[in-house]
Asks: 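Next up is a structure, given as structure tokens.
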Number of protein chains: 2
Amino acid sequence: MTSVDEPARPHGNGRLRDAARTRAEILDVATLEFARVGYAGARVDDIAARTSTTKRMIYYYFGGKEQLFTAVLERAYGVIREAEQQLDVEHLDPVAAIRRLAELTFDHHEQHPDFIRLVSIENIHEAEHIAASEKLGRIGSPALDVIGRILASGRESGLFTAEVDAVDLHAMISSFCFFRVANRHTFGALFGRDLVDPAQREHYRAMLGDMVIAYLTAERATD
Amino acid sequence: MTSVDEPARPHGNGRLRDAARTRAEILDVATLEFARVGYAGARVDDIAARTSTTKRMIYYYFGGKEQLFTAVLERAYGVIREAEQQLDVEHLDPVAAIRRLAELTFDHHEQHPDFIRLVSIENIHEAEHIAASEKLGRIGSPALDVIGRILASGRESGLFTAEVDAVDLHAMISSFCFFRVANRHTFGALFGRDLVDPAQREHYRAMLGDMVIAYLTAERATD
DNA sequence: GCTAATGTACGAACTGGTGAGTTAGTCATA
DNA sequence: TATGACTAACTCACCAGTTCGTACATTAGC
């Protein structure tokens, strides 16, 4: 997720024994491996082999495969939380703010396919690792507050007509961004269209923004 | 997917030896098992144990675990194709037709969570089984033609302003429906909202329709 | 010297796949 | 319609290779 650089080198440049470094390296490798082949498909031995340390260290630091996967998820969600905390769109008018926010979500999903895969995998496991994690239960998302405030101001100024709350709008935006990355393989194989083709990137980015804004600003038939 | 009824009973009521029946039973069980725990997580022994036949028969009929999964996918996609062939919305006006089509997609996704899981799993494997299947490569979707015709008539009558093609609109509709089912666990765990809560069903169904129609009929800023 | 950190070697249980043999059903023929 | 040859359908036991996890030994750093 973060620093997969400098892979081999017997524990890099710093101290020979560096717990934090060892832990981080295991997490880096495990993230790649779990994202690549899923939880059940990943092999602890393979993960260990790809680190500069040994399998024993995985059990020493994380306890087991299950807890390792949970730790991977925790860090991955941490990254997206950080990104969302940098969100700075509230100086824009509501329409522009929502579009910008959708675009940032779009970009983030595109830039972190491994995260998308991990989330897909965790859903296959019915979010049992999130449930087991103290760090991840009901953490929500920093973006939610931002969306909430933009929505309120947009409704106040009469620009937004739709009756959605922040969570639902977040779901709407996420669904488009997530599907495009997560399902690109089956979609491509079935319909012969690559949803993440760089040449079509702007097309889909605009489509998302248009869709969200159209929804929020449409005149509703019977209210 | 189809007939998971009458599970045990040493080959049911019909003939004692019935190849078609045995094959179908293996597929039924395998579908459930693959959807439940993923490809790597599924155990051929477990699948065999849940049938009234033996593991050897799985290899006899399908060749191996990989081909069994492919066969499961082929049948699952067959079901959705059949459903889409029943589509009968072209007698409606374009707006109503698209909304109805979106609702049918919504309903189908909701009613087939196992199919959704299989698609998620297949995407983790980068659609390699679809690629390996003769039946599934580029099959497209019957719905696509329907969407294409509705879109054309809607644009002709000036109702639809958006410049989307059928595939992209299909992606938009699918993304919402798919996300709601596929990601309900992580979304629920993180945001405390159950996207498939029956009490909210109509809410999300309407939201999808509103979204698609708003997108298609919105006045575009600069054209 | 004490402890946190690390490495080695191993094992019990599992897992996909197969070899070899058996049985149910079919059908041509007497 | 009884029979026997034939084949598709099926069972069982087993193997070779993994795979998670751990017991035990060792080392670095304070």
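Just so we're on the same page: letters track the sequence lines, and every chain starts at 1. Only heavy atoms go into these numbers, but all of them, side chains included; no hydrogens, no water, no symmetry mates.
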Asks: Please confirm whether the backbone N or O of A:Leu104 pairs with a side-chain atom of A:His108, one donor and one acceptor, at under 3.5 Å?
Replies: no
Asks: Between D:dG21 and A:Tyr59, is there an OP1 or OP2 to side-chain N/O distance shorter than 4.0 Å?
Replies: yes
Asks: Does anything in residues 33-41 of chain B come within less than 4.0 Å of DNA chain C? Heavy atoms only, and list the residues if so.
Replies: none
Asks: Is A:Arg180 salt-bridged to A:Glu110, going by a charged N under 4.0 Å from an acidic O?
Replies: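 Salt bridge: yes.
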Asks: How close or far is atom C1' of D:dT19 from atom CD1 of A:Ile58, stated in whole angstroms?
Replies: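 My rounded result for the distance is 13 Å.
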Asks: Does the A:Arg117 side chain pair with the main chain of B:Ile124, one donor and one acceptor, at a distance under 3.5 Å?
Replies: yes
Asks: Do any side-chain nitrogens or oxygens of B:Thr53 fall under 4.0 Å of OP1 or OP2 in D:dT11?
Replies: yes
Asks: Answer yes or no: is there a donor N or O on one side and an acceptor on the other, between the side chain of B:Asn123 and the main chain of A:His185, under 3.5 Å?
Replies: yes
Asks: Less than 4.0 angstrom between a side-chain N/O of B:Tyr61 and OP1 or OP2 of D:dC10, yes or no?
Replies: yes
Asks: Between B:Thr54 and D:dC12, is there a side-chain N or O to OP1/OP2 distance below 4.0 Å?
Replies: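 No, outside the criterion.
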Asks: Looking at B:Tyr77, I'd like to know if the NZ or CZ of B:Lys135 sits under 6.0 Å from its six-membered ring centre while staying within 45 degrees of the ring's axis.
Replies: no
Asks: Starting from C1' on D:dT22, measure out to OH on A:Tyr60 and report it in whole angstrom.
Replies: 15 Å
Asks: Could you tell me the separation between the CD atom of A:Glu66 and the C1' atom of D:dT19, rounded to a whole number of Å?
Replies: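 That distance rounds to 15 Å.
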Asks: Decide yes or no, distance alone: a donor-acceptor N/O pair under 3.5 angstrom between the base of C:dG19 and the side-chain of B:Arg56.
Replies: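 When only heavy-atom distances are counted, B:Arg56 does reach the base of C:dG19 through a donor-acceptor pair under 3.5 Å.
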Asks: Return the set of residues passing side chain to side chain contact (heavy atoms under 4.5 Å, CB included) with B:Ala189 (not counting sequence neighbours), or none when no residue passes.
Replies: A:Ala127, A:Ile130
Asks: Does a salt bridge link A:Asp165 with B:Arg193, judged by any charged N lying under 4.0 Å from a carboxylate O?
Replies: yes
Asks: Within the structure, does a side-chain N or O atom of A:Thr22 lie under 4.0 Å from either OP1 or OP2 of C:dT6?
Replies: yes
Asks: I'd like to know if the side chain of A:Glu103 reaches the main chain of A:Arg205, judged simply by a donor and an acceptor atom lying under 3.5 Å from each other, with no hydrogens or angles considered.
Replies: no
Asks: In whole Å, I'd like the distance from the CE atom of B:Met57 to the P atom of C:dA20.
Replies: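 Taking CE of B:Met57 and P of C:dA20, I get 16 Å after rounding.
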Asks: Distance check needed: C:dA5 C1' versus A:Arg21 CZ, whole Å only.
Replies: 15 Å
Asks: Do you know the tightest heavy-atom contact between B:Glu74 and B:Ser133?
Replies: OE2-OG, 2.6 Å
Asks: Sugar-phosphate atoms are those with a prime plus P, OP1 and OP2; base atoms are the rest. Using that split, label each nucleotide of nucleotides 10-15 of chain C B, S or - for protein heavy atoms under 4.0 Å, 5' to 3'.
Replies: -----S
Asks: Roughly, in whole Å, what's the span from CG in A:Leu68 to P in D:dC20?
Replies: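 Rounded to the whole Å, the gap is 11 Å.
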